[in-house]
*Asks:* 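Have a look at this one.
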Amino acid sequence: MSEGCPRLTLEMSLAETAASVSGAFDSIPVIDLGCASTHEERTALARQIRDACMNVGFFYIKNHGIPDETIDKIFSAMKAFFSLPVEEKMKLHHRQGAHYRGFEPLLDSNIDPANRGDLYEGFMIGWEELVPQDDDEDKVNRDTMVFPNLWPSEPSGFREAFINYYHAAFGVGKVLRRLFALALDLPETYFDDKLKRYPMMRGLHYPPQTGPEDDGIIGIGAHSDFECFTILWQEPGIQALQILNSENKWINATPIPGTLVINIGDLLSRWTNNIFRSTVHRAINRSGVRRYSIPMFIGANPNVEVEPLPSCVSPERPAKYETITSGEYVRRHIQEMYQRSRTTSDGTAKA
């Protein structure tokens, strides 16, 4: 085992450990993915992840493997695109494409029913190869979530920057899905054939928020993510993301250079019988400057039936949920989010 890497220790069962979890965290752990070269190291690393998922539902990862150059290029592409006139961006409005691909204007969604809208612009993409492959049509036929992306003609290099980051982040997701399996006392490859669906990814721009704090409009309202887990890059040096602990205190998820933020979503929480925590979070940008982030939402194949895992059920902790397919679960949540707000063709919101 490498020096400085975690060591495996014997622990209680998942259900036994969950009974003692309070969720009254005041910080977010940082986990080093560089310690994952052997099965023993990965198993020990999974114990750290288990603790983070049960107590916080969020953790940072370092040594994640995405090159700085890949991040720098998509960061530059986002800044250039979101600086374009709104009428140019609206030519790629997501309702002109399929399954929400494309541009999302300010106040286009409202994830918190108590609010009036979310103050961000987004650009959503799904899977696409940088250079078309011979089996692309087969992939489309196998995955019902694969739809054509919409791409702007400018800025130059936008498509390449997004696709390159997409594939790098998806690679991190493949590493994490195996660590989550080990953390749940499952075979390391348990999720490999269940979390094969190509994920959705957003580039997000949060303008500085200047309105009163009680006006019902913030960067993105309090919510939990509804897929299995999220991989988030957030711009260094700008505080916006906050997560809610069990004492109803907002804890800052301060950007740490060189890290990504990982959080558990509702579907994986449901799969684990609520042993893994899907934590409510929000983003409020009162920095006075624009803020950018990139979430990738890792989900299960649409036809996968999700029910509490045997390792997460005990006589003292019976199953809390009935079986549901991943596709049906996600469709309901996406429709609810966008139906709370509608946008006119010029990019302004209407009630």
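We use all heavy atoms of the structure for the numbers below, so side chains are in, but hydrogens, waters and symmetry mates are not. Keep in mind the model is a prediction, meaning the values are calculated, not measured.
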*Asks:* Can you check whether F103 reaches M90 side chain to side chain, under 4.5 Å on heavy atoms?
*Replies:*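 The answer is yes, as the side chains (C-beta and beyond) meet within the 4.5 Å cut-off.
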*Asks:* Could you state whether M296 and I71 fall into the same hydrophobic cluster, counting links through intermediate Ile, Leu, Val, Met, Phe, Trp or Tyr residues with side-chain heavy atoms under 4.5 angstrom apart?
*Replies:* yes
*Asks:* Quick check, are the ring centers of Y329 and F226 under 6.0 angstrom apart?
*Replies:*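 Aromatic pair excluded; centres sit 6.0 Å or further apart.
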*Asks:* Quick test of your reading of the model: are R270 and E307 salt-bridged, counting only N-O distances below 4.0 Å?
*Replies:* no
*Asks:* Distance check, rounded to the nearest 0.5 Å: N301 atom CG versus D193 atom CG?
*Replies:*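 With rounding to 0.5 Å, CG (N301) is 7.5 Å from CG (D193).
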*Asks:* Kindly compute the distance separating CD (E160) from OG1 (T70), expressed to the nearest 0.5 Å.
*Replies:*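 With rounding to 0.5 Å, CD (E160) is 13.0 Å from OG1 (T70).
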*Asks:* Can you tell me how far CD of Q48 sits from CD1 of I61, rounded to the nearest 0.5 angstrom?
*Replies:* 12.5 Å
*Asks:* Ignoring hydrogens and geometry, is there a side-chain-to-backbone donor-acceptor pair from S246 to G23 under 3.5 Å?
*Replies:*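 Yes; at least one donor-acceptor contact below 3.5 Å.
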*Asks:* Could you tell me whether the side chain of R101 and the main chain of N149 form a donor-acceptor pair under 3.5 Å?
*Replies:* no
*Asks:* side-chain contact (heavy atoms from CB on, under 4.5 Å) with I243: which of I28, V280, N252?
*Replies:*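 Testing each of I28, V280, N252 against I243, the sole residue satisfying side-chain contact (heavy atoms from CB on, under 4.5 Å) is I28.
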*Asks:* Honestly curious: do F25 and M54 fall in one hydrophobic cluster under the side-chain, below-4.5 Å linking rule?
*Replies:* no
*Asks:* Under a 3.5 Å threshold, yes or no: a donor from one side chain and an acceptor from the other, between N63 and D32?
*Replies:*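 Per modelled atom types, N63 and D32 side chains form a pair under 3.5 Å.
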*Asks:* Just by modelled atom types, is the P318 backbone N or O under 3.5 Å from a matching donor or acceptor in the N273 side chain?
*Replies:*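 Yes.
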*Asks:* Does the plane of the ring in F191 sit parallel, tilted or perpendicular to the ring in W271? Use 30° and 60° as the thresholds.
*Replies:* perpendicular
*Asks:* Can any side-chain N or O of K89 pair as donor or acceptor with the backbone N or O of F82 at less than 3.5 Å?
*Replies:*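 Side chain of K89 to backbone of F82, a donor-acceptor pair under 3.5 Å: yes, one is there.
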*Asks:* Checking side-chain contact (heavy atoms from CB on, under 4.5 Å) for the pair K320/N274: CA distance, chi angles, key distance, verdict?
*Replies:* CA-CA 8 Å; K320 300 176 184 289; N274 287 357; 3.7 Å; yes
*Asks:* What do you reckon, are the aromatic ring centroids of F123 and F158 less than 6.0 Å apart?
*Replies:* yes
*Asks:* Within the 4.5 Å heavy-atom criterion, are Q234 and R291 side-chain neighbours or not?
*Replies:* yes
*Asks:* Assess whether ring pair (Phe, Tyr, Trp, His ring centres under 6.0 Å) is satisfied between F170 and W127, documenting all intermediate values.
*Replies:* CA-CA 10 Å; F170 193 24; W127 168 87; 9.8 Å; no
*Asks:* Looking only at atom types and distance, does a side-chain atom of T279 sit under 3.5 Å from a main-chain N or O of V56, one as donor and one as acceptor?
*Replies:*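 Answer holds: yes.
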*Asks:* Would you mind reporting whether L119 and P207 have side-chain heavy atoms less than 4.5 Å apart?
*Replies:* yes
*Asks:* Is there a donor-acceptor contact under 3.5 Å from the side chain of Y166 to the main chain of P199?
*Replies:* yes
*Asks:* What I'd like to find out is whether the side chain of H39 reaches to under 4.5 Å of the side chain of L182, using heavy atoms alone.
*Replies:* yes
*Asks:* Look at D26 together with K249 and state whether they make a salt bridge at an N to O cut-off of under 4.0 Å.
*Replies:* no
*Asks:* Side chains of V30 and K62: closer than 4.5 Å at any heavy-atom pair?
*Replies:*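 Yes, close enough: below the 4.5 Å cut-off.
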*Asks:* Given 3.5 Å as the limit, does a donor-acceptor pair link the side chain of T38 with the main chain of E41, or not?
*Replies:*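 Pair found, side chain donor or acceptor close to backbone of E41.
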*Asks:* Closer than 4.0 angstrom, basic N to acidic O: yes or no for R277 and D266?
*Replies:*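 Result for this pair is no, no salt bridge flagged.
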*Asks:* Answer yes or no: is there a side-chain heavy-atom contact under 4.5 Å between W250 and N245?
*Replies:* no
*Asks:* Of all heavy-atom pairs between L267 and C228, which one has the smallest distance, and what is that distance?
*Replies:* CD2-SG, 3.9 Å
*Asks:* Which value, rounded to the nearest 0.5 Å, describes the distance between Q209 atom CD and N285 atom CG?
*Replies:* 7.5 Å
*Asks:* Does anything in residues 70-82 pair up under salt bridge (charged side-chain N to carboxylate O under 4.0 Å, His left out), and if so which pairs, sequence neighbours excluded?
*Replies:* E69-K73
*Asks:* Classify the ring geometry of Y120 against Y206: parallel below 30°, tilted from 30° to 60°, perpendicular beyond 60°.
*Replies:* tilted
*Asks:* Would you confirm whether S109, through its side chain, and I111, through its main-chain N or O, come within 3.5 Å as a donor-acceptor pair?
*Replies:*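 Such a contact is absent between S109 side chain and I111 backbone.
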*Asks:* Decide side-chain hydrogen bond (donor to acceptor under 3.5 Å, both in side chains) for E305 and T325; before the verdict, give the C-alpha distance in whole Å, the side-chain angles of both, and the deciding distance to 0.1 Å.
*Replies:* CA-CA 4 Å; E305 293 188 340; T325 64; over 6 Å; no
*Asks:* Ignoring hydrogens and geometry, is there a side-chain-to-backbone donor-acceptor pair from R42 to A36 under 3.5 Å?
*Replies:* yes
*Asks:* Do you reckon L232 sits in the same ILVMFWY cluster as L244, going by side-chain contacts under 4.5 Å, direct or chained?
*Replies:* no
*Asks:* Using a strict 4.0 Å threshold on nitrogen-to-oxygen distance, state whether D108 and R95 make a salt bridge.
*Replies:* yes
*Asks:* Salt bridge (Lys or Arg N to Asp or Glu O under 4.0 Å) between E328 and R332: does it pass, once the steps are laid out?
*Replies:* CA-CA 6 Å; E328 177 61 24; R332 292 178 188 175; 3.0 Å; yes
*Asks:* Walk me through it: do D185 and R47 pass the test salt bridge (Lys or Arg N to Asp or Glu O under 4.0 Å)?
*Replies:* CA-CA 10 Å; D185 296 333; R47 293 298 181 264; 3.5 Å; yes
*Asks:* How long is the span from the CG atom in L309 to the CZ atom in F276, to the nearest 0.5 Å?
*Replies:*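 One finds 9.5 Å between CG of L309 and CZ of F276.
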*Asks:* To the nearest 0.5 Å, what is the distance between OH on Y292 and CD1 on I74?
*Replies:*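 Separation between the atoms: 13.0 Å.
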*Asks:* Is it true that a side-chain atom of H167 and a backbone atom of E128 form a donor plus acceptor pair closer than 3.5 Å?
*Replies:* yes
*Asks:* Do F81 and H205 have their ring centres less than 6.0 Å from each other?
*Replies:* no
*Asks:* Side-chain contact test, heavy atoms from C-beta onward, threshold under 4.5 Å: evaluate it for I66 versus L260 and give yes or no.
*Replies:*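 Of all side-chain heavy-atom pairs linking L260 with I66, at least one is under 4.5 Å.
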*Asks:* Side chains of I298 and E227: does their closest heavy-atom pair fall under 4.5 Å?
*Replies:*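 A side-chain contact is absent here, since even the closest heavy-atom pair is not under 4.5 Å.
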*Asks:* If the condition is salt bridge (Lys or Arg N to Asp or Glu O under 4.0 Å), which residues does E235 pass it with, not counting sequence neighbours?
*Replies:*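 Residues passing salt bridge (Lys or Arg N to Asp or Glu O under 4.0 Å) with E235: none at all.
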*Asks:* Going through the checks in order, is the side-chain contact (heavy atoms from CB on, under 4.5 Å) test met by L33 and L179?
*Replies:* CA-CA 10 Å; L33 287 193; L179 292 171; 3.7 Å; yes
